[in-house]
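Report on the structure given below.
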Amino acid sequence: MTAQPSRPIPPIPPIAETVASLMPRAKAELTELVAFRSVADPAQFPPSECRAAADWVADALRAEDFQDVSVFDTPDGSPSVYGYLPGPEGAPTVLLYAHYDVQPPLDPAGWDTPPFELTEREDGRWYGRGAADCKGGFIMHLLALRALKANGGIPVGVKVVAEGSEEQGTGGLERYAEAHPELLAADAIVIGDAGNFRAGLPTVTATLRGMTMVRVTVDTLRGNLHSGLFGGAAPDALAALIRVLDSLRAEDGSTTVDGLDAEGVWEGLRYPEEDFREDARVLDGVELIGHGSVGDRLWARPAVTVMGIDCPPVVGATPSVHSTARAQISLRVPPGQDAAEATKLLTAHLEAHTPWGARVSVEQVGQGQPFRADVTSPAYTSMADALGAAYPGQEMQIAGMGGSIPLCNTLAALYPDAEILLIGLSEPEAQIHAVNESVSPDELERMSVAEALFLVNYAAFGRG
């Protein structure tokens, strides 16, 4: 699906030139921001790392003359950052969103360069955890605003919010916004946490899958037993858990949760299978899982992932029948389905498929609803024009995203008249959530230009 711009605008060279001149500063700032180990999980990294990152973001907003800048604690304990920059009288207000928390680096030894040191490599990309997802998104907002300030001023009112626990899915900012609905109210909302379908192809994201996350624990014995003396009759909790997890997939790898529709169809941008294999770095000879088009599987159907299992490692393993085992499971929920209902179905499925009468408990640890945007709104028209100018010769594409941004549904419910757009820096080469995450400085530059031009367009046309 391609959005057709209705009011093409010519490129605005001064804005593009200003952004280009600011790129060395952007790299230096992103280097500082990436250095914070801002994983919002105190079991892995000190909470002081997130607090320091939040303070850095707040200082950056103050330096740009934002008012009412605050670092506030949300109900899940994570700090978020807010600032407001008034616009001309009668101008619309635009909320710019990013998050400064990041995924854990996984195995640091798997990185070619240190995960919390922004490093430019021979391919020209900047590598580091959060470079694209989503510390780079905050830098993108800064670049756009600075370019406008240097070329006649910012034509809209701007609110900026930087979340501190998006990657954990614990809903701190969502709950805070529900309790303080006036804080983030805006005419348009730009979520800087998505990305282009591929580098160089300007894309907005029209749909997001929701998510539910649970921990399942299986218990069978009062304690571990010697596998030689008891194995063969004593029920092994780890084996039971493996059976449970296997029940979540059909033979072709499709997600199978009892009662959950898994046959949705994607009608938008096509994703060729050979391109997906390259983007996902699938090994030669290994089949893709599921059936239907790649778009169906990524953007229109549920997808289960076993995120981790608590069990003894191979090194140091003992000949034991295990008494308990635990796994964390993520279920992505497509638009049109309810995440709360999916959680109930997943829980019932896990309980029903636990073998041998083993005791099973399921704990919900995160949840967010799917999202679908209105791509016919004035904001999308303004963004289409802006992206066409920032990427000469290209038209804005509309795609889905298999990931989740739970805040989107909260904002849509709180502000039903607001137009919500999703853009960002997370194109396939960025490898977000994996080792060697990176951002393309070319994409950062062009998307910053596009955001600046969008604000100009929206000031002129956003209410007309």
Side-chain angles (χ1 to χ4, degrees), residues 1-5 8-13 15-23 26-27 30 98 120-128 131-137 139-141 143-144 147 190-206 268-281 294-295 298-299 375 380-403 421-434 436-454 457:
M1 188 190 315
T2 301
Q4 299 295 330
I9 62 169
I12 304 180
I15 288 180
E17 292 168 2
T18 300
V19 171
S21 72
L22 291 170
M23 288 302 292
K27 183 181 181 183
L30 188 56
E120 182 173 359
R121 299 189 193 167
E122 291 182 357
D123 60 6
R125 297 179 69 92
W126 301 345
Y127 287 79
D133 182 25
C134 177
K135 292 177 177 179
I139 299 299
M140 175 184 73
H141 295 327
L143 281 170
V190 178
I191 304 291
D193 193 23
N196 289 339
F197 183 67
R198 61 184 60 262
L201 185 64
T203 312
V204 293
T205 299
L269 183 69
R270 310 313 295 171
Y271 199 160
E273 187 168 316
E274 59 274 17
D275 291 349
F276 176 79
R277 291 186 64 90
E278 180 66 24
D279 292 340
R281 303 184 181 184
V294 172
L298 295 183
W299 304 326
V375 298
Y380 273 86
T381 300
S382 298
M383 184 60 78
D385 298 342
L387 287 168
Y391 290 80
Q394 299 282 357
E395 291 183 350
M396 183 181 81
Q397 303 295 313
I398 297 174
M401 188 169 78
L421 303 95
L422 294 101
I423 61 172
L425 305 171
S426 300
E427 37 78 27
E429 291 181 67
Q431 291 292 297
I432 65 170
H433 294 201
N436 295 313
E437 177 184 346
S438 67
V439 68
S440 162
D442 291 337
E443 289 290 276
L444 174 58
E445 182 175 340
R446 285 185 288 190
M447 289 304 299
S448 300
V449 172
E451 183 167 276
L453 297 181
F454 161 75
N457 288 355

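Side chains are part of it too, since the values below use all heavy atoms of this structure and drop only hydrogens, waters and symmetry mates. All residue numbers in this chain count up from 1 along the given sequence.
E278 pairs by the salt bridge (charged side-chain N to carboxylate O under 4.0 Å, His left out) definition with nothing, not counting sequence neighbours. Under the salt bridge (charged side-chain N to carboxylate O under 4.0 Å, His left out) criterion, E427 pairs with R125, not counting sequence neighbours. Residues forming a salt bridge (charged side-chain N to carboxylate O under 4.0 Å, His left out) with D279 (at least two apart in sequence, or on another chain): R198.
Two residues are said to be in side-chain contact when any heavy atoms from C-beta on lie closer than 4.5 Å; E429 and S438 fail this criterion. Here the side chains of V439 and Y127 are not in contact, with every heavy-atom distance at 4.5 Å or above.
The structure places CD of Q431 at 12.0 Å from CG of D133, a figure rounded to the nearest 0.5 Å. The NZ atom of K135 sits 9.5 Å away from the CD atom of E437 when rounded to the nearest 0.5 Å. In this structure, E17 CD and L22 CG are separated by 12.0 Å, a value rounded to the nearest 0.5 Å. Distance check: R277 CZ to D275 CG gives 12.0 Å after rounding to the nearest 0.5 Å. Within the model, atoms CD1 of I398 and CG of L422 stand 12.0 Å from one another, a figure rounded to the nearest 0.5 Å. Distance check, rounded to the nearest 0.5 Å: CG of L444 to CE of M140 gives 8.0 Å.
Judged purely by distance below 3.5 Å, without hydrogens or angles, the side chains of Y391 and E443 pair a donor atom with an acceptor atom.
Residues F197 and R270 approach most closely at CZ-O, 3.9 Å, considering heavy atoms. Between Y380 and T205 the shortest heavy-atom distance is OH-O, 3.7 Å. Taking every heavy atom of both residues into account, P428 and N196 meet most closely at CD-O, 3.9 Å. Nearest heavy atoms, L30 versus W126: CD2-CE3, 4.0 Å. Here the shortest heavy-atom pairing between A390 and R446 reads CB-O, 3.5 Å. Here the shortest heavy-atom pairing between A132 and S426 reads O-OG, 3.8 Å.
For the side chain to side chain contact (heavy atoms under 4.5 Å, CB included) with L387, the qualifying choice from V449, T203, L201, V204 is V204, the only one to do so.
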*asked:* Pair R121, N436 - check side-chain contact (heavy atoms from CB on, under 4.5 Å), show working.
replied: CA-CA 11 Å; R121 299 189 193 167; N436 295 313; 2.8 Å; yes
*For K27 and E120, what are the C-alpha separation, side-chain angles and deciding distance, and is it a side-chain contact (heavy atoms from CB on, under 4.5 Å)?*
CA-CA 10 Å; K27 183 181 181 183; E120 182 173 359; 2.6 Å; yes
*Does the pair L298 and F276 meet the rule for a side-chain contact (heavy atoms from CB on, under 4.5 Å), with working shown?*
CA-CA 10 Å; L298 295 183; F276 176 79; 3.8 Å; yes
*Give the intermediate values and the outcome of side-chain contact (heavy atoms from CB on, under 4.5 Å) for residues I191 and I423.*
CA-CA 6 Å; I191 304 291; I423 61 172; over 6 Å; no
